[in-house]
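Counting starts at 1 for both ligands and their atoms, following the listed order.
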Amino acid sequence: MQVFPTKNRQVLPGISLVEWIPWNDYEDILLDRCKEGIARITINRPTKRNAFRPQTVTELCDAFSFIRDTVDIGVVLLTGIGPAKDGRYAFCSGGDQSVRGDGGYIDEMGLARLNVLDLQRIIRSLPKVVIALVAGYAIGGGQVLHLLCDLSIAADNAIFGQTGPRVGSFDGGFGASFLARLVGQRKAREIWFLCRSYDATQALTMRLVNAVVPLDTLEQEGVIWAQEILQHSPTAIRCLKAAFNAETDGMSGIQELAGQATHLFYRTDEGKEGKKAFLEKRKPDFSSELWLP
Ligand code: S0N
């Protein structure tokens, strides 16, 4: 993937604490990185309140996959571009209703897709920290995306809500169950059944977000949180993320956590001896290993 020349591009108001380097060319999103180890993904469909169509989701999946393989990136900021021409902001307003057909959202080949479900799992299992920076609307599938980020910082203009039962859709996966884990069963049912909107202070009170900051400092706050995280052990953080997921994600969560253990085991002399012995066509010698308490 090509790295473009340095040019700071602003996606949210306020002063940037880091120099953002455009990282790849997409149509619906912007992908930037900085030399401090942070990537920034911005949904860039301001005329649609940053709603996602299948192409947007494909690009988001691609960007996360690229970030996954980039070993000097530890934290991702996920946000939506703003303001739109009318001065309003949106993190994401969910699935693009103008391309919704029978059975899903219609892509450029005419196929009906719900590929946002793939994106949800990618964010969830990325062994790096994803922070949502929410300015303006986080509605429908956009609210679910913010929910699945590890941390969420809201600007004081943020508005959260579900519209599914009003617009003929619902997310009964993470959108219902993980929401209930965060805010409790009663509040989660209220959010889905009544389809009301909630401001940033209400979101903080119900533990939907970690913090609320003035809009002009939203990106700065995200960068400060990222820089603090990046001072800590990458292995500890990736194992913790997998452990938090394991508690909620059933066998696929356990698979992730166990994968981290295997990953660490491969690096030990004990793990290496097994492979070496196989390749050397001899019995493995684990006699120097202790059966620790
Ligand atoms: C976001 C809202 C509240 C903003 O209101 P506001 O500020 O009054 O602006 P508008 O004039 O309404 O909007 C400005 C322009 O943006 C377009 N637009 C906004 N949202 C969308 C959207 N989601 N899709 C397409 N276009 C959108 C407006 O049409 C307007 O355009 P113009 O200027 O040309 O008129 C308000 O806009 C709002 O309520 N938006 C709709 C929110 C919504 O219902 N989202 C969809 C909810 N459902 C999902 O997200 C499904 C998610 C999903 O894919 C899924 C996942 C898992 C399992 C199932 C599903 C499933 O599909 O069901």
Side-chain angles (χ1 to χ4, degrees), residues 12 27-29 42-61 64 78-108 110-125 132-149 152 154-182 188-200 202-203 208 215 248-249 252:
L12 289 170
E27 198 177 329
D28 287 6
I29 68 168
T42 309
I43 303 175
N44 185 25
R45 304 189 78 214
T47 58
K48 300 257 185 187
R49 300 279 187 253
N50 293 324
F52 53 79
R53 56 178 173 168
Q55 181 180 338
T56 323
V57 175
T58 301
E59 291 180 3
L60 285 165
C61 293
F64 273 108
L78 177 64
T79 194
I81 201 158
K85 276 192 181 145
D86 63 2
R88 296 210 182 169
Y89 286 83
F91 171 75
C92 175
S93 64
D96 185 334
Q97 298 303 294
S98 66
V99 298
R100 187 172 142 193
D102 293 344
Y105 296 83
I106 309 300
D107 71 8
E108 52 287 14
L111 295 174
R113 293 191 185 275
L114 255 182
N115 55 349
V116 74
L117 298 178
D118 302 333
L119 175 63
Q120 292 179 354
R121 287 193 297 273
I122 285 171
I123 294 175
R124 194 96 178 127
S125 60
L133 300 182
V134 182
Y137 295 107
I139 304 285
Q143 194 269 334
V144 179
L145 282 186
H146 116 89
L147 195 68
L148 290 175
C149 294
S152 178
D156 47 14
N157 71 346
I159 297 172
F160 300 85
Q162 280 305 333
T163 58
R166 196 168 62 224
V167 301
S169 71
F170 63 92
D171 182 341
F174 286 118
S177 55
F178 194 58
L179 179 70
R181 287 284 182 129
L182 281 193
R189 287 168 201 232
E190 174 194 313
I191 290 169
W192 274 103
F193 295 173
L194 277 69
C195 295
R196 287 184 181 167
S197 295
Y198 301 85
D199 67 23
Q202 290 170 304
L208 203 52
L215 174 62
T248 52
D249 292 3
S252 74

| note | Close residues (non-hydrogen atom under 4.0 angstrom from ligand 1) work out to Thr47, Lys48, Arg49, Ala51, Phe52, Arg88, Ser93, Gly94, Gly95, Asp96, Gln97, Tyr105, Leu114, Val116, Leu117, Tyr137, Ile139, Gly140, Gly141, Thr163, Val167, Ser169, Phe170, Asp171

Could you list the donor-acceptor pairs under 3.5 angstrom formed between side-chain atoms of residues 89-97 and any protein atom two or more places apart in sequence or on another chain?
| unit_1 | atom_1 | unit_2 | atom_2 | d |
| --- | --- | --- | --- | --- |
| Ser93 | OG | Lys48 | O | 3.2 |
| Ser93 | OG | Arg49 | O | 3.2 |
| Asp96 | OD1 | Ser98 | N | 2.9 |
| Asp96 | OD1 | Ser98 | OG | 2.5 |
| Asp96 | OD2 | Arg45 | NH1 | 3.0 |
| Asp96 | OD2 | Arg45 | NH2 | 3.2 |
| Gln97 | OE1 | Arg100 | NH1 | 2.9 |
| Gln97 | NE2 | Gly95 | O | 2.9 |
| Gln97 | NE2 | Tyr105 | OH | 3.2 |

| query | With a 3.5 Å cut-off and no angle check, do the side chains of Glu27 and Asn44 form a donor-acceptor pair? | reply | no

| Going by atom types alone, do Tyr198 and Gln143 pair a side-chain donor with an acceptor below 3.5 Å? | no

| query | Partners of Tyr137 by ring pair (Phe, Tyr, Trp, His ring centres under 6.0 Å), sequence neighbours excluded? | reply | none

| Who passes side-chain contact (heavy atoms from CB on, under 4.5 Å) against Ala180, sequence neighbours left out? | Gln185, Ala188

| query | Applying the side-chain contact (heavy atoms from CB on, under 4.5 Å) test to Thr79, which of Thr42, Val134, Asn50 qualifies? | reply | Thr42

